[in-house]
Amino acid sequence: MPPPSQPRDDAAMVATVVSWFAVEGRELPWRADVVTPWGILVSEVMLQQTPVARVEPVWREWITRWPTPASLASATQADAVRAWGRLGYPRRAARLWECAHTIVAQWDGQVPRDPQALRMLPGVGEYTAAAVLAFAFGERAIVLDTNVRRVIARAWNAEPLPRPHLVAAERAVADALAPTDPTMAARWAVASMELGAVVCTARAPQCTACPIAHACRWLADGRPGLAQAPRRSQAWNGTDRQVRGRMLALLRESHDPVRLRGHRALADVEPEQFDRCLASLLADGLASVAAEETFTL
DNA sequence: AATTCGGGGCG
DNA sequence: CGCCCAGAATT
């Protein structure tokens with residue numbers, strides 16, 4: 001029988017995770033001291049729904065080629081999308097390119113150190129704005145990505161996984177948890193994210209390696225609910241997303257305009273879906289008409 | 001609140 | 001082969 005509910009020392013748990021990160025945290029390239037706010041912003045956008053391992057080489061290439069917003073703004077969107085490679089969600093590349101233009105035009109070429117200004121940048125939502133404020137500027141921002149949400153869900157709420165959508169109550173818990181001191185809050189942000197990424201993982205959490213295992217409510221309850229997968233699987237084969245990706249791959253690989261209709265790589269695509277996907281790529285500005293029935297990035 | 005938007009790699 | 005990954009924008 002567990003002891004009667006003893007008061008939990010949230011501050012001690014936070015401090016423990018911060019100390020753990022100082023020793024065990026990975027040395028990712030965008031965590032180096034020399035990285036600029038622009039480098040942080042680029043990394044955060046690339047990391048939206050894309051694993052660290054795949055982002056690393058592309059980030060290095062981008063930041064070497066376009067070390068400032070002005071340098072990316074002087075490139076073409078096609079260059080940005082092509083350099084994006086196969087990271088996925090190529091609209092992010094277009095948005096980052098738009099970000100560069102906005103930052104040059106409105107913020108004197110400097111990534112703004114302001115939540116509302118950041119949120120106005122295309123592709124920058126609640127998470128990314130908070131991450132830039134914390135990681136690039138050392139401010140106290142509530143960083144709630146899927147990793148931090150999972151850590152809080154388990155250690156504090158005794159739930160196996162966070163809910164599909166971020167709710168207000170979660171922000172309140174996270175805000176109460178974050179240290180008042182900006183520097184400490186920023187350290188907690190990166191440390192809690194790292195804990196979720198490498199220890200408190202979704203499928204196979206390494207509780208024996210967790211610095212706050214002794215205080216984790218979910219572990220104390222016997223890690224219930226781990227087996228079930230509450231999320232709906234996203235179909236892939238034959239989806240518009242796959243077809244869009246295949247079309248864009250053809251455009252990326254060629255520097256000359258491409259005749260997409262009737263292309264042998266798209267032979268299995270029904271005409272209706274072909275038209276729908278091509279139209280959406282044009283609407284997103286990811287493809288443009290070069291001439292009659294030929295397209296480019 | 002629910003959908004759409006890539007792609008790869010791992011258990 | 002299902003599931004997950006430093007989400008955002010649109011409806």
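Within every chain, numbering begins at 1; the chains are lettered A, B, ... in the order of the sequence lines, protein sequences first and strands thereafter.
- Across all strands shown, A:Gly125 has heavy atoms under 4.0 Å from sugar-phosphate atoms exclusively, and none from any base.
- A salt bridge between A:Arg154 and A:Asp221 is absent, with no side-chain N of the basic residue lying under 4.0 Å from a carboxylate O of the acidic one.
- No N or O donor and acceptor, one from the side chain of A:Arg86 and one from the base of B:dG7, sit under 3.5 Å apart.
- Separating the C1' atom of C:dA6 from that of B:dG11 is a span of 22 Å, rounded to the nearest Å.
- One finds a side-chain N or O of A:Arg203 lying less than 4.0 angstrom from the OP1 or OP2 phosphate oxygen of C:dC4.
- Donor-acceptor pairing under 3.5 Å, judged by distance alone, is absent between the side chain of A:Arg241 and the base of B:dG7.
- Rounded to a whole angstrom, the distance from the C1' atom of B:dG6 to that of C:dC3 is 15 Å.
- Ion pair A:Arg60/A:Glu56 flagged as a salt bridge, since at least one NZ, NE, NH1 or NH2 atom sits closer than 4.0 Å to an Asp/Glu carboxylate oxygen.
- A:Leu248 comes within 4.0 angstrom of nothing in the nucleic acid, heavy atoms only.
- When distances are taken from the side chain of A:Leu47 to each of B:dT3, C:dA6, B:dC5, the shortest belongs to C:dA6.
- Between the CD atom of A:Gln49 and the P atom of C:dC4 there is a distance of 12 Å, given to the nearest Å.
- In this structure, A:Arg150 reaches the sugar-phosphate backbone alone: every heavy-atom distance under 4.0 Å involves primed, P, OP1 or OP2 atoms, never a base.
- Taking only side-chain atoms of A:Arg95, from C-beta outward, the nucleotide of B:dC5, C:dA9, C:dG7 with the closest atom is C:dA9.
- Taking atom CG of A:Asp145 as the reference point, atom P of C:dG7 lies 5 Å away to the nearest angstrom.
- Of the candidate nucleotides C:dG7, C:dC4, C:dA6, C:dC4 has the atom nearest to the side chain of A:Ala202.
- Using a 4.0 Å heavy-atom distance criterion, A:Ala131 is classed as making no nucleic acid contact.
- Ion pairing of A:Arg26 with A:Glu194 is present here, as a side-chain N (NZ or NE/NH1/NH2) and a carboxylate O approach within less than 4.0 Å.
- Distance CE (A:Met247) to P (B:dC5): 12 Å, rounded to an integer number of Å.
- The listed nucleotides are C:dC4, B:dC5, C:dA6; the one nearest the side chain of A:Trp30 is C:dA6.
- Residue A:Leu166 is classed as having no contact, given no heavy-atom separation below 4.0 Å to the nucleic acid.
- Electrostatic pairing of A:Asp275 and A:Arg261 counts as a salt bridge here, judged by a charged N lying under 4.0 Å from a carboxylate O.
- Toward the 5′ end of DNA chain C lies the nearest nucleotide of A:Tyr127, the other residue of the pair A:Tyr127 and A:Val124 mapping further downstream.
- Of the candidate nucleotides B:dC5, C:dC5, C:dA8, C:dC5 has the atom lying nearest to any side-chain atom of A:Thr146.
- Under 4.0 Å is where a charged nitrogen must lie from a carboxylate oxygen, and between A:Arg244 and A:Asp284 at least one such pair does.
- Ranking B:dC5, B:dG6, B:dT3 by closeness to the A:Arg91 side chain, first place goes to B:dC5.
- Atom P of nucleotide C:dC4 and atom CG of A:Asn147 are separated by 13 Å, given to the nearest angstrom.
- Distance, A:Tyr89 OH to C:dC5 P: 13 Å, rounded to whole Å.
- Here A:Ser280 lies out of heavy-atom contact (under 4.0 Å) with every strand.
- In this structure, A:Glu253 does not pair ionically with A:Arg82, as no charged nitrogen and carboxylate oxygen lie closer than 4.0 Å.
- Checking the phosphate oxygens (OP1, OP2) of C:dG7, no side-chain nitrogen or oxygen of A:Gln48 falls inside 4.0 Å.
- A:Thr128 has no side-chain polar atom (N or O) that falls below the 4.0 Å cut-off from OP1 or OP2 of C:dA6.
- Residues A:Thr50 and A:Val167 each lie close to DNA chain B; by heavy-atom proximity, the contact nearer the 5' end of the strand is made by A:Val167.
- Atom P of nucleotide B:dT3 and atom CG of A:Asp284 are separated by 20 Å, given to the nearest angstrom.
- At a threshold of 4.0 Å, the pair A:Asp268-A:Arg246 counts as salt-bridged, since one of the basic side-chain nitrogens sits closer than that to a carboxylate oxygen.
- When each of A:Leu28 and A:Pro122 is assigned the nucleotide of DNA chain C with its nearest heavy atom, A:Leu28 is the one assigned upstream, toward the 5' end.
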